[in-house]
Amino acid sequence: MTALVQREVLMAAQPGSDDCLRVAQHLVEVGFIRWDAAQDALHVSLEARAMLGHALADDLGVAELVGLIGSSDASRIHALWSEALARRHAMVDAEFSVALADGSIRHLRGVALCEYADHGGLNRCTIGLQDVSAQRAMLHALSESEARLEEAQEIAQFGCWEWDYTRKQARFSAATLRMLRLPPDWNPDMREILTVVPEDQRDWVLALYKDAFDKRLTTLRYEVRHAEGEGFREIHTVARISYGPKGHPRRLLATVQDITEMKSYRRQLHSLSFFDPLTELPNRALFVDRLSQALIDASWHHQQVGTLLLDLDRFKDINDSLGHGAGDDLLKQASQRLRQVLRDYDTIARLGGDEFAVVLPDVRQATDLGSIANKVISAFTAPFTVSGNDVFVTVSIGGALYPSDGQDANQLLQHADAALYHAKGQGRNNFQFYSRDLTAQASARLTMESELHKAIEREELELHYQPKFDLASGGLVGAEALMRWNHPVRGMVSPVQFIPLAEDTGLIVPMGAWALRTACQAAAEWNARSSRPLKIAVNLSARQFPGGELVKTVQEALAAANCQPQWLELEITESLLLDGRDEVRGTLEALSQLGITIAIDDFGTGYSALSYLTRFPVQILKIDRAFIKELPSDRGNAEQLVKAIVSLGQSLNMALVAEGVETKEQADYLSGLGCEVVQGFLYGRPVAQSAFGQWLDAP
């Protein structure tokens with residue numbers, strides 16, 4: 001099999017080329033072995049099984065496969081493979097023998113293409129096998145008079161040519177003539193051979209040969225570039241030179257290889273290894289390398305280096321609502337805005353998802369880091385046009401400075417990440433510097449996140465219930481279920497601490513499903529004892545809506561507890577309605593059709609959802625405690641806001657619930673406005689399920 005065919009077979013063996021691989025195997029009688037190291041999955045093609053001469057089991061393992069190598073070659077192949085892995089070689093080429101079942105020996109050639117993971121270990125390996133037994137036998141049988149052919153077979157890869165200095169005669173293989181765009185009957189002298197080399201590189205190649213002759217070198221390698229149309233072809237030559245007794249060149253035997261595609265493929269691999277294909281920005285690997293280099297330069301010149309980590313706010317919502325194509329478009333536009341506001345010598349990288357990073361060399365003052373970050377924030381104030389929609393996306397930024405905040409790339413990234421998390425915790429759309437306190441906070445957060453993962457299975461979560469009362473009759477009408485975490489060491493952990501963490505990590509989804517099941521069980525139990533229907537309210541997170549599983553989760557919770565849908569109330573926030581996704585609307589309508597009540601929690605705090613109220617199946621408006629605590633008062637606008645909310649709810653035929661009622665004056669004022677239901681410390685604090693009976697049993 002020629003080297004050209006071998007190369008094409010290896011190219012066909014790349015992932016995604018299965019059809020080409022099968023065709024190549026039939027054409028050139030090559031077998032393939034694929035090993036996925038991460039999954040420990042091994043596939044041996046039928047052709048490879050035939051070459052190995054064994055009835056191999058379908059669940060053949062790597063150890064059994066290695067054991068087929070002949071004992072005389074085992075140590076050599078093991079050493080070659082160990083060295084290849086240690087040096088991260090992309091290709092390993094070796095010949096070895098295998099013992100067949102009948103006792104005979106078969107000689108094989110294996111060419112392995114190796115892919116490595118970021119941490120350095122082997123990720124995937126594709127091995128092409130060729131039976132070279134016949135070639136080995138032929139080479140051993142050749143006589144001394146056929147030494148020239150043996151030498152050519154050894155070094156020939158794609159095409160070959162020869163110059164005999166004694167006879168002043170050249171020979172060219174047909175493949176070489178085709179490759180060099182020469183006529184089939186070409187019979188040149190030495191001067192004409194030189195014209196094959198492009199004129200702008202001819203002197204350089206001549207100098208290489210002269211130097212080789214002067215030093216009696218036997219092997220010479222070089223590459224030349226041939227212009228062709230709008231592009232060029234790259235030709236690689238390996239020349240073997242033999243000399244006469246007096247040291248003069250006697251014969252020159254050379255192979256030529258068109259490596260244009262191979263070079264292009266290598267450039268693509270390099271690009272994929274170090275650049276993000278979507279935004280064409282450096283990826284994490286290249287970013288860390290450039291940051292490390294910037295730190296080395298800064299240490300020599302006693303300069304400061306800034307590092308920024310950026311996170312797009314609400315990116316997941318846009319990705320979920322408009323689709324991944326729109327999300328990709330948004331990331332491209334975001335990268336363009338970053339290029340516009342940052343300096344040419346700053347390195348901008350996409351680390352993954354919606355996270356970007358920036359290296360800022362030669363930062364003179366710490367305040368300069370803040371100024372640059374604020375320029376970036378300002379660049380995101382204008383809307384992005386995505387899928388025909390104008391969307392507003394802000395950015396949160398964390399920054400760290402060398403040498404004050406870290407001495408190496410990993411430490412700076414870790415500290416910038418802590419500052420970024422702090423920025424998001426401060427309401428997003430802002431920049432925060434790193435401080436040592438943030439490291440402690442980040443460590444505490446990681447610890448709490450780990451413990452929160454185990455809280456459900458260890459049954460550390462509890463629901464406490466705050467009663468709701470009808471203002472007119474004073475009767476109990478239901479309760480709001482509030483999640484609590486009873487940690488075995490920390491005690492009762494404040495929801496302010498763990499609910500945002502659960503939202504950020506996605507743990508709120510399984511926690512929310514647990515809360516629904518638990519609340520439905522309580523609702524079924526209490527309604528069996530109550531003379532009037534009681535409705536239990538459960539808060540929903542926006543994280544529970546994507547994926548279309550929420551309706552099924554609610555139905556399963558109702559069925560498991562034998563709970564009637566009219567006993568369940570689901571509370572959502574205004575921001576969820578403002579999202580505008582059809583998925584949200586469809587989910588709420590499906591829940592409403594089941595007979596479940598939908599309420600808007602904390603109504604009026606930060607958004608104006610008036611135009612959305614008529615589009616969604618909402619039956620209850622809950623007035624936020626921030627307004628209630630100012631009642632009754634002639635100071636501020638609290639009274640006017642509460643009156644407006646009550647009037648709005650009444651005009652839309654929605655029930656009204658006031659939260660945080662703590663005084664009789666507040667209750668009387670709300671009653672006068674026409675608010676129907678109240679909850680707050682005046683009527684009862686949240687209590688465990690076992691203690692809720694005090695209100696159930698009250699006359």
Side-chain angles (χ1 to χ4, degrees), residues 314 316-317 320-321 445 448-466 478-487 492-524 535-561 563-565 567-579 581 583-592 594-602 616-618 620 622 659 686 688-689:
R314 294 186 64 245
K316 185 180 185 301
D317 293 340
D320 291 341
S321 59
R445 179 178 181 271
M448 182 173 287
E449 180 181 338
S450 175
E451 293 173 345
L452 190 56
H453 271 279
K454 304 171 185 175
I456 299 177
E457 59 185 74
R458 293 179 178 176
E459 299 183 348
E460 296 173 6
L461 296 179
E462 300 177 3
L463 285 186
H464 285 197
Y465 300 87
Q466 185 170 36
E480 179 180 1
L482 301 168
M483 194 177 296
R484 297 291 186 264
W485 181 11
N486 191 357
H487 192 279
M492 280 295 181
V493 181
S494 170
V496 176
Q497 290 181 283
F498 73 87
I499 293 296
L501 180 60
E503 290 276 1
D504 287 344
T505 59
L507 287 172
I508 196 66
V509 176
M511 291 168 63
W514 169 86
L516 282 166
R517 294 193 299 270
T518 306
C520 286
Q521 291 169 358
K535 197 182 297 288
I536 308 302
V538 179
N539 290 279
L540 293 182
S541 164
R543 282 290 196 104
Q544 293 174 266
F545 281 80
E549 293 293 318
L550 180 57
V551 175
K552 180 181 177 182
T553 300
V554 172
Q555 289 175 318
E556 291 175 347
L558 291 170
C563 176
Q564 299 299 315
W567 298 342
L568 181 62
E569 176 183 319
L570 298 176
E571 297 186 5
I572 60 175
T573 61
E574 288 181 77
S575 59
L576 189 64
L577 299 186
L578 288 172
D579 190 287
R581 285 180 284 171
E583 182 181 37
V584 172
R585 182 177 179 180
T587 299
L588 292 177
E589 288 177 346
L591 293 171
S592 181
L594 292 176
I596 297 169
T597 303
I598 307 297
I600 298 181
D601 194 18
D602 301 335
F616 291 87
V618 177
I620 297 176
K622 296 193 70 176
E659 299 180 286
Q689 182 175 341

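Model, not experiment: these values are computed from the prediction. The figures that follow rest on heavy atoms only: side chains count, while hydrogens, waters and symmetry mates do not.
- The CZ atom of Arg458 sits 8.0 Å away from the CD atom of Glu451 when rounded to the nearest 0.5 Å.
- Side-chain contact between Met492 and His464 is present, with heavy atoms from C-beta onward closer than 4.5 Å.
- Residues Thr597 and Ile620 form a side-chain contact, since some pair of their non-hydrogen atoms from C-beta on lies under 4.5 Å apart.
- Once rounded to the nearest 0.5 Å, the distance linking SG of Cys563 with CD of Gln521 reads 9.5 Å.
- Residues Glu571 and Val538 are not in side-chain contact: their nearest non-hydrogen atoms beyond the backbone lie 4.5 Å or more apart.
- Between Leu507 and Ile456, the closest side-chain pair of non-hydrogen atoms is not below 4.5 Å.
- Counting only distance, with no hydrogens or angles, the side chain of Arg484 and the backbone of Leu463 share no donor-acceptor pair below 3.5 Å.
- In this structure, the separation between CG on Leu550 and CG on Leu591 is 5.5 Å, given to the nearest 0.5 Å.
- Under a cut-off of 6.0 angstrom, the local environment of CD in Glu459 is sparse, with at most 12 non-hydrogen atoms contributed by other residues, nucleotides or ligands.
- Closest heavy-atom contact between Lys622 and Asp601: CD-OD1, 3.8 Å.
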Criterion side-chain contact (heavy atoms from CB on, under 4.5 Å) on Leu570 and Leu516, from CA distance to verdict: CA-CA 9 Å; Leu570 298 176; Leu516 282 166; 3.7 Å; yes
Evaluation steps, side-chain contact (heavy atoms from CB on, under 4.5 Å), between Cys520 and Leu568: CA-CA 7 Å; Cys520 286; Leu568 181 62; 4.2 Å; yes
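- For Glu589, the side-chain hydrogen bond (donor to acceptor under 3.5 Å, both in side chains) partners are Arg585, not counting sequence neighbours.
- Ser592 places no side-chain N or O within 3.5 Å of a backbone atom of Leu588 that could act as its donor or acceptor partner.
- Note that CH2 of Trp567 is 10.5 Å distant from CD1 of Ile536, once rounded to the nearest 0.5 Å.
- The shortest heavy-atom contact between Phe545 and Ile572 is CZ-CG2, 4.2 Å.
- Contact detail for Thr505 and Arg543: the closest heavy-atom pair is C-NH1, 4.1 Å.
- One side chain, Asn486 or Glu462, offers a donor N or O that lies under 3.5 Å from an acceptor on the other.
- Partners of His487 by ring pair (Phe, Tyr, Trp, His ring centres under 6.0 Å), not counting sequence neighbours, listed by chain and number: Trp485.
- Considering only heavy atoms from C-beta on, Leu452 comes within 4.5 Å of Met511 through its side chain.
- Using a 4.5 Å cut-off on side-chain heavy atoms (C-beta onward), Phe616 and Ile600 make no contact.
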Intermediate values then yes/no, side-chain contact (heavy atoms from CB on, under 4.5 Å), Leu482 and Glu480: CA-CA 6 Å; Leu482 301 168; Glu480 179 180 1; 3.5 Å; yes
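- Between the CD atom in Gln689 and the OH atom in Tyr465 there is a gap of 4.5 Å [rounded to 0.5 Å].
- Looking at heavy atoms from C-beta onward, Glu659 lies out of side-chain contact with Gln466 at the 4.5 angstrom threshold.
- The closest side-chain heavy-atom distance from Leu594 to Gln555 is below 4.5 Å.
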